[in-house]
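In what follows, a single structure is set out as structure tokens and then discussed.
In the text below, chain A, chain B and the rest are named by the order of the sequence lines, each starting its count at 1. Please read all numbers here as calculations on a predicted model, not as lab measurements.
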There are 2 protein chains.
Amino acid sequence: MEQHYSRDILKQQIIEAGLKATHQRIVVYEALHELHGHHPTAEEVFQRLRPVNPSISLGTVYKTLDSFAERELVKRVLSEEGGKRYDANNLAHNHIYCSNTKEIMDYQDEELEALLVSFFQKRNMENFEIKSISVQLTGTKKDPDKQISITRTE
Amino acid sequence: MEQHYSRDILKQQIIEAGLKATHQRIVVYEALHELHGHHPTAEEVFQRLRPVNPSISLGTVYKTLDSFAERELVKRVLSEEGGKRYDANNLAHNHIYCSNTKEIMDYQDEELEALLVSFFQKRNMENFEIKSISVQLTGTKKDPDKQISITRTE
DNA sequence: TTTACTGCAAAATGTTTGCATAAGG
DNA sequence: CCTTATGCAAACATTTTGCAGTAAA
């Protein structure tokens, strides 16, 4: 489940995005992978990094996340709560949001993607080029302490 | 296109939501209807109301929008930009987001809703009750000055 | 060596809170 | 009346900015 990314690989990706691979950027990027699916704010990334990197500054984390988002190394996550949240780029474009616990969970579903792509091919969007389609399920966990699981019935 | 809501009707809805229908709440609610589809922030609502209601305070607008959202009179709109945005409740759960102009446009599509509802009935969501499904199309307007139009081809 | 990035601190924004006064039911 | 909402100002939180010093390429 927890995937490992070596710093060398992360460094490479930062360089490929056209940015200098500073130590701060590498550890921010690493933290985003470790927190993948948790959609942290700049503050949360900063708090996670601080113990090990005492000299890092919050301003740098803000700037770093901004530049990552601009270069599409990470994506900004939609939020109703009104703070900027980030996630390491990945394939899951869909989110499940629990309005009780405020959790935002990633949700990947190939079949859903395919369905939507084919749906929007049949729609004629004049003057708009679709870059991505994402679905947000809002609702409530029946048992806040348990996980949500999704299986196909059919 | 621009739909009219009399203050009496708005007042009625506020009361039905279990809130006292103060003048401030009525004009905030009215502004949200007038700005429907524009997804304003508290600040934007405040600026709109100020000329006609010089005594209204920004704090009240914040509190009002909060209580409206809590009572589900209005909905909070998802944003990547990290500010709280609101909209009068309506049937369109889908948004089209232009990453160049930062516009968020409402998009209603019965057929899409039906497709998704039936899709998720076939998925077995353990421990989660879906309240609403919304689709976000991210992309770019080809001509920033023109409107986006959507037609069915098939 | 040159350019771009960092850290720091201050400023700018955005949002919430507490409380005395005012208004709704 | 009694309760709840308002306005105001202060507190708090979040994000951006400017700049001198530092590190990457």
Side-chain angles (χ1 to χ4, degrees), chain A residues 7-8 10-31 39-71 73-74 76-77 79-86 102, chain B residues 7-8 10-31 39-50 52-71 73-74 76-86 102:
Chain A
R7 291 199 173 173
D8 284 346
L10 300 176
K11 184 172 173 175
Q12 207 44 50
Q13 294 182 8
I14 293 168
I15 291 167
E16 276 162 23
L19 296 169
K20 280 193 184 173
T22 63
H23 179 67
Q24 290 86 337
R25 284 184 176 157
I26 294 167
V27 296
V28 166
Y29 197 36
E30 184 179 49
H39 314 281
T41 60
E43 181 69 34
E44 285 161 358
V45 170
F46 175 63
Q47 291 305 341
R48 182 181 179 94
L49 293 177
R50 205 127 86 122
V52 178
N53 309 267
S55 78
I56 202 168
S57 84
L58 178 57
T60 296
V61 175
Y62 270 102
K63 288 171 187 167
T64 300
L65 291 172
D66 250 17
S67 58
F68 282 178
E70 205 170 339
R71 305 301 178 107
L73 263 187
V74 307
R76 272 200 248 273
V77 179
S79 156
E80 283 183 15
E81 307 305 317
K84 291 191 174 174
R85 297 189 163 270
Y86 297 85
K102 313 286 186 214
Chain B
R7 293 199 172 174
D8 284 348
L10 299 176
K11 184 171 174 177
Q12 206 45 50
Q13 294 181 8
I14 293 167
I15 291 166
E16 276 162 24
L19 295 169
K20 280 191 185 175
T22 63
H23 179 68
Q24 289 87 336
R25 284 183 176 156
I26 294 167
V27 295
V28 166
Y29 196 38
E30 184 179 48
H39 314 282
T41 61
E43 182 68 36
E44 286 161 359
V45 170
F46 175 63
Q47 291 305 340
R48 183 183 179 92
L49 293 178
R50 206 130 86 121
V52 179
N53 309 267
S55 77
I56 202 168
S57 83
L58 178 57
T60 297
V61 175
Y62 270 104
K63 288 172 187 166
T64 300
L65 291 172
D66 251 17
S67 58
F68 282 178
E70 207 171 339
R71 305 300 178 109
L73 262 187
V74 306
R76 270 199 251 274
V77 179
L78 294 167
S79 157
E80 283 184 12
E81 306 305 316
K84 292 191 174 175
R85 297 189 162 273
Y86 297 84
K102 312 288 185 212

For B:L58 and B:L19, find the nucleotide of DNA chain C closest to each by heavy atoms; which residue's nucleotide sits nearer the 5' end? B:L58

Write down the distance between NE2 (B:H23) and P (C:dG24), rounded to a whole number of angstrom. 10 Å

When rounded to the nearest 0.5 angstrom, what distance separates NE2 in A:H23 from CZ in A:R7? 5.5 Å

Tell me if the side-chain of B:K63 makes a donor-acceptor pair with the base of C:dG18, cut-off 3.5 Å, by modelled atom types. yes

Out of C:dC5, C:dG7, C:dG25, which nucleotide sits closest to the side chain of A:T22? C:dC5

Gap between atoms CD and C1', on A:E81 and C:dT15 respectively (whole Å): 13 Å

Taking the side chain as every heavy atom from C-beta outward, state whether B:L19 and B:Q13 have any pair of such atoms under 4.5 Å apart. no

Considering only heavy atoms of chain A and a distance under 4.0 Å, specify the first and last nucleotide of DNA chain D in 5' to 3' order that meet this criterion. D:dT14 to D:dA25

Assign each of B:K84 and B:K11 to its nearest nucleotide of DNA chain C by heavy atoms, then name whichever residue's nucleotide is nearer the 5' end. B:K84

Please check if the side chain of B:E44 supplies one atom and the backbone of B:T41 the other of a donor-acceptor pair under 3.5 Å. yes

Within this structure, what is the CG-to-P distance between A:D66 and C:dT6, rounded to whole angstrom? 12 Å

Rounded interatomic separation in angstrom, taking CD1 from A:I15 and P from C:dA4: 16 Å

Residue A:Q24, side-chain atoms from C-beta onward, closest of C:dG25, C:dA4, C:dG7: C:dG7

Nearest whole Å is fine: how far is C:dA10 C1' from A:Y62 OH? 15 Å

Given A:F68, which partner from the list A:Y86, A:Y29, A:Y62 fulfils the ring pair (Phe, Tyr, Trp, His ring centres under 6.0 Å) test? A:Y29

Counting just side-chain N and O atoms, does A:S57 come under 4.0 Å of either OP1 or OP2 of C:dG7? yes

Using a heavy-atom cut-off of 4.0 Å across all strands, would you classify B:S55 as base, sugar-phosphate, or nothing? sugar-phosphate

Using side-chain heavy atoms (C-beta onward) and a distance below 4.5 Å, is A:S79 in contact with A:H39? no

Could you state the CD-P distance from B:Q47 to C:dT13, rounded to the nearest angstrom? 13 Å

Could you tell me if the side chain of B:T64 sits less than 4.5 Å from the side chain of B:V45, heavy atoms only? no

Test item: A:R76 and A:D66 side chains (from C-beta on) under 4.5 Å apart, heavy atoms: yes

Just checking A:A21: base, sugar-phosphate only, or nothing, at a heavy-atom cut-off of under 4.0 Å? sugar-phosphate

What nucleic acid atoms does B:G82 come within less than 4.0 Å of, heavy atoms only: base, sugar-phosphate, or nothing? nothing

I need the CD-P distance between A:E43 and C:dG14, as an integer number of Å. 19 Å

What is the distance, to the nearest angstrom, from the CG atom on A:N53 to the P atom on C:dC8? 13 Å

